[in-house]
Amino acid sequence: MRDVMTGSGKELSLPAQIGVALVRLSVSIAIPLLTFLVLWGGFVFLRDSGASQLVITAVAVFWGIGGVVCLYWTAYWFLTRIPKKWRPKVEPYLFIGPAVVALAWFITIPVFRTGYFSFFDRYSENWVGLRNFAYIFTHRTMLIAWRNNVIWLVFGTGFSVLFGFIIAYVADRSRWEVYAKALIFMPMAISMVGASIIWRFVYALNPDIGLLNAIVTAFGGTETNWLIVRPWNNFFLITVFIWGQTGFAMIVLSTAIKGVPVELLEASRVDGANNWVQVTSIVIPYIKSTIMTVSTAIIIASLKTFDVVFTMTQGMDGTEVLASQQYKQMFTYFNYGRGAAIALIILLAVIPVVVYNVLQFRKRGDI
Amino acid sequence: MKNANETIGTKLLVNGILLLFVLIWVTPTMGLFLTSFRSIDAMSESGWWTAFSDLGGFTLDNYRQVMDTGTRSYTTPGGRQVAAVGGRLGQAFLNSITVTIPAVVIPILIATFAAYGFAKMKFRGRRILFGMVVAMLVVPVQISLIPILQDYQKIGLAGSYLGVWLFHGAFGLPLATYLLYNFISTIPDSIMESALIDGADQFNIFVRLIIPLAAPALAAFAILQFLWVWNDLLVPLVFLAGAGPGREVLTQRLLNLVGQFGADWQLLTAAAFVSMILPLIIFFSLQRFFVTGLLSGSVKG
């Protein structure tokens, strides 16, 4: 059709020219309109439909793929309509545009909106200055949450990385490596809610049910309700976290350990170095940057920790952490001001890691 | 690394340490698994570690009950009358599938386009925009909960699956873009240049060359995102609040069962196992992709 329009436009009579223009105009409107209808129609259907769950899920998958295809198809169509010299300038923005818009709506702008809310009261109506932050740094429950988050960060991260390293190191020297690693890695696949139930079962009070109390009583101790003993109960929660995160540390460190050149180790062996010296003076320095990467990832996970606390104790008996308090301020006390302030604090705690990440990238020359 | 010629002593030491860790890691899960097949009487009378001394104590009743919707009463092998309140996990399982699949699918294509743009095109603002994507890898979801919930209340998405899909989809975008960026950067420019000379444009190249080549990275992301969404508690807790118990996903349902079943460990363990079965199957069958994804995207918390 385009060939007809451009190729023989000269000889066409005026009404025909108007006709062609009308066709072009309607196509220009129809294609974006169609895309809009697909996206909007899918949105409304998925929001309001009472159809069976299977139908809605199927529609959502088609909408998720089809809607996005339509979007880019429209963008492509648009690109072929603009002068050729502009295309290379416009094209990249069409590629990254949808992602940038989605990230702006869901992540970038909310950072500022949450920051704004944190200076307002529970209904986000009246300015309260720094009162929410004063609460965060002085209230008893919040101070407990702070203390616990520090414990989580230090012990949770420390032991996950330490155990991950030990396992990766010994597994590398064992013929059972593959099987051992798969078993220790397994908790990564399950939810922290499920993991918490596994460990609540281990901690169960009745020594005929709970493994830990069975062991303790077998050695002559008395059964204990581990989850209410302040402040040690925090360590029993952190155990669940370590159990989950060690596999992650192990997998990443294992790859790095395999990269340590054998020649270095053999040379040191000739010099009479034992295993301990090899580990501390060759292996660890060699994989230092990987240890940093793993540690930062687990530090972030420990700062955001929520599921374990919520499933194990709901934050009772002095086990509150920042994220569980953030949820409670939002949904139990309906105080959006305090909820926003705690969310902002969690973000601020993560920022050093964000900066570190970006700097690493700069080193690689990607940004 | 792999050091050659180890002595018997070090071999024993190495495997001993490894065995110790494996035992500590596996035992709790073993207990869960065994208990989920034990009757209530067996469970309360003896520890699961003695389960194999009485092989008659095994049953599938626990699974029936946690999947059930209604309440029914039955007689235990021990002769007691028990009222069994269903755990409604069957519905929750379907709900989890409903929440997870679109939340995995929606971000994939958008992220692939963006990753290609960042990796292979030159434009103003590329460095700063991609820097922001990298920074967003670790932004905690908490920062967005209140603003997005308010938006959702305005446009009618609070308590809907669509709201959860969009939220999970958006928070999956940085990781997806980052993984695919790493992957697409390694595709040599010469391949694209020769296609350009043949008259293809960027969209053609993208559809015909990049998407097929990026398939392994797409799979890696899909698995990570699947496990992340399936196992997440906070997002459905916030955005499905008020949607009614019929719409709860597995993690929410499980959290409620901790209260409902209390000390009925034979039920709680069965429920927990139901929630793990699908991720475990995916994990063990697709471990290769999972590990690839984890290694290149290890910064996401």
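In what follows, chains carry the letters A, B, and so on, assigned in the order in which the sequence lines appear, proteins first and then strands, with residues in each chain numbered from 1. Just so it is clear, the values below take in all heavy atoms, side chains as well, and ignore hydrogens, waters and symmetry mates.
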Side-chain heavy-atom pair B:W230, A:S191 within 4.5 angstrom cut-off: no

Under 4.5 Å from a heavy atom of chain A, the part of B:L166 involved: both

Full working for side-chain contact (heavy atoms from CB on, under 4.5 Å) between A:M186 and B:W25: CA-CA 9 Å; A:M186 188 272 301; B:W25 250 253; over 6 Å; no

Structural part of A:V350 lying under 4.5 Å from a heavy atom of chain B: side chain

A:P110 backbone acceptor or donor facing B:S144 side chain under 3.5 Å: no

Mutual orientation of the aromatic rings belonging to B:F283 and A:F185 [parallel < 30°, tilted 30-60°, perpendicular > 60°]: tilted

Spacing of B:L268 atom CG and A:I198 atom CD1 [to the nearest 0.5 Å]: 12.0 Å

Residue B:N256 versus chain A: region with a heavy atom under 4.5 Å: neither

Pair B:F203 + A:F95: ring centers closer than 6.0 Å: yes

Considering all heavy atoms, the nearest B:A114-A:I96 contact: O-CG2, 3.7 Å

Per-residue contact mode, B:K122 against chain A (heavy atom under 4.5 angstrom): backbone

Toward chain A, the part of B:F273 with a non-hydrogen atom under 4.5 Å: neither

Residue selection (most heavy-atom pairs with chain A, distance under 4.5 Å) from B:L149, B:I97, B:L19, B:I101: B:L149

Region of B:V238 in contact with chain A, defined by heavy-atom distances below 4.5 Å: both

Top of A:L303, A:L211, A:I298 for chain B proximity - count of heavy-atom pairs under 4.5 angstrom: A:L211

Engaged part of B:F261 at the chain A interface, taking heavy atoms whose separation is under 4.5 Å: neither

Ring centers of B:F21, A:F163 separated by less than 6.0 Å: yes

Side-chain donor-acceptor pair present, B:S46, A:D208, cut-off under 3.5 Å: no

Residue part contacting chain A, namely of B:L227, when any heavy atom lies under 4.5 Å: side chain

pair B:W48-A:F201: side-chain heavy atoms closer than 4.5 Å: yes

Proximal component of A:Q245, with respect to chain B [non-hydrogen, under 4.5 Å]: neither

A:F331 versus B:A241, closest heavy-atom pair with distance: CE2-CB, 4.2 Å

Any donor-acceptor pair under 3.5 Å from A:S174 side chain to B:N15 backbone: no

Closest non-hydrogen atom pair, B:P102 against A:V61: CG-CG2, 4.3 Å

Residue among B:L145, B:L237, B:I108 with most heavy-atom pairs under 4.5 Å to chain A: B:L237

Winner by heavy-atom pair count (cut-off under 4.5 Å) against chain A, out of B:G117, B:G259, B:A111, B:P28: B:P28

Separation of B:I143 CD1 from A:T108 OG1 (nearest 0.5 Å): 11.5 Å

Among A:I342, A:T311, A:L94, A:L71, residue most engaged with chain B (heavy-atom pairs, under 4.5 Å): A:T311

Toward chain A, the part of B:T50 with a non-hydrogen atom under 4.5 Å: neither

Residue pair A:F43 / B:L157, side-chain heavy-atom distance below 4.5 Å: yes

Chain B contact via A:P207 - side chain, backbone, both or neither, heavy atoms under 4.5 Å: backbone

Straight-line distance of B:S275 OG to A:I190 CD1, nearest 0.5 Å: 7.5 Å

Side chain, backbone, both or neither of B:Q150 within contact of chain A (heavy atoms, under 4.5 Å): side chain

Side chain, backbone, both or neither of A:T290 within contact of chain B (heavy atoms, under 4.5 Å): neither

Residue pair A:I209 / B:W49: nearest heavy atoms and the distance that separates them: O-CZ3, 3.7 Å

Among the listed options B:P140, B:A263, B:P107, B:A176, the residue most often paired with chain A at heavy-atom distances under 4.5 Å: B:P140

B:L13, part contacting chain A, at a heavy-atom distance under 4.5 Å: neither

A:W105 vs B:D151, side-chain contact (heavy atoms from CB on, under 4.5 Å): CA-CA, chis, key distance, verdict: CA-CA 10 Å; A:W105 178 21; B:D151 288 350; 2.8 Å; yes

Reported OG1-to-CG distance for the pair B:T251 and A:D307, which is rounded to 0.5 angstrom: 7.5 Å

Engaged part of A:I166 at the chain B interface, taking heavy atoms whose separation is under 4.5 Å: side chain

Any donor-acceptor pair under 3.5 Å from B:N231 side chain to A:A189 backbone: yes

B:Q142/A:Y327 under side-chain contact (heavy atoms from CB on, under 4.5 Å): CA gap, chis, key distance, verdict: CA-CA 8 Å; B:Q142 277 91 356; A:Y327 178 81; over 6 Å; no

Under 4.5 Å from a heavy atom of chain A, the part of B:F118 involved: both

Pairs of heavy atoms under 4.5 Å with chain B: top-ranked of A:G97, A:A180, A:A58: A:A180

A:Y336 portion near chain B, given a 4.5 angstrom heavy-atom threshold: both

Test log, rule side-chain contact (heavy atoms from CB on, under 4.5 Å), inputs B:V22 and A:Y179: CA-CA 9 Å; B:V22 168; A:Y179 308 100; over 6 Å; no

Polar side-chain atom of A:R200 near backbone of B:V258 as donor-acceptor pair, under 3.5 Å: no

Top contributor to chain A interface from B:I282, B:T35, B:V133 [non-hydrogen pairs under 4.5 Å]: B:T35

Heavy-atom proximity to chain A below 4.5 Å, by part of B:Q202: both

Shortest non-hydrogen separation from A:I107 to B:A170 and the atoms involved: CD1-O, 4.2 Å

Inter-residue atom distance B:Q287.CD - A:K181.NZ, 0.5 Å rounding: 9.5 Å

Max heavy-atom pair count under 4.5 Å with chain A, selected residue of B:L254, B:T112, B:L234: B:L234

Among the listed options A:A99, A:P92, A:G194, the residue most often paired with chain B at heavy-atom distances under 4.5 Å: A:P92

B:I24 CD1 to A:T246 OG1 distance, which is reported to the nearest 0.5 Å: 10.5 Å

Chain A contact via B:T27 - side chain, backbone, both or neither, heavy atoms under 4.5 Å: side chain

Residue, of A:V100, A:V68, A:I184, that accumulates the most heavy atom pairs under 4.5 Å with chain B: A:I184

Heavy-atom pair count under 4.5 Å with chain B, highest-scoring of A:Y286, A:Y116, A:W63: A:W63

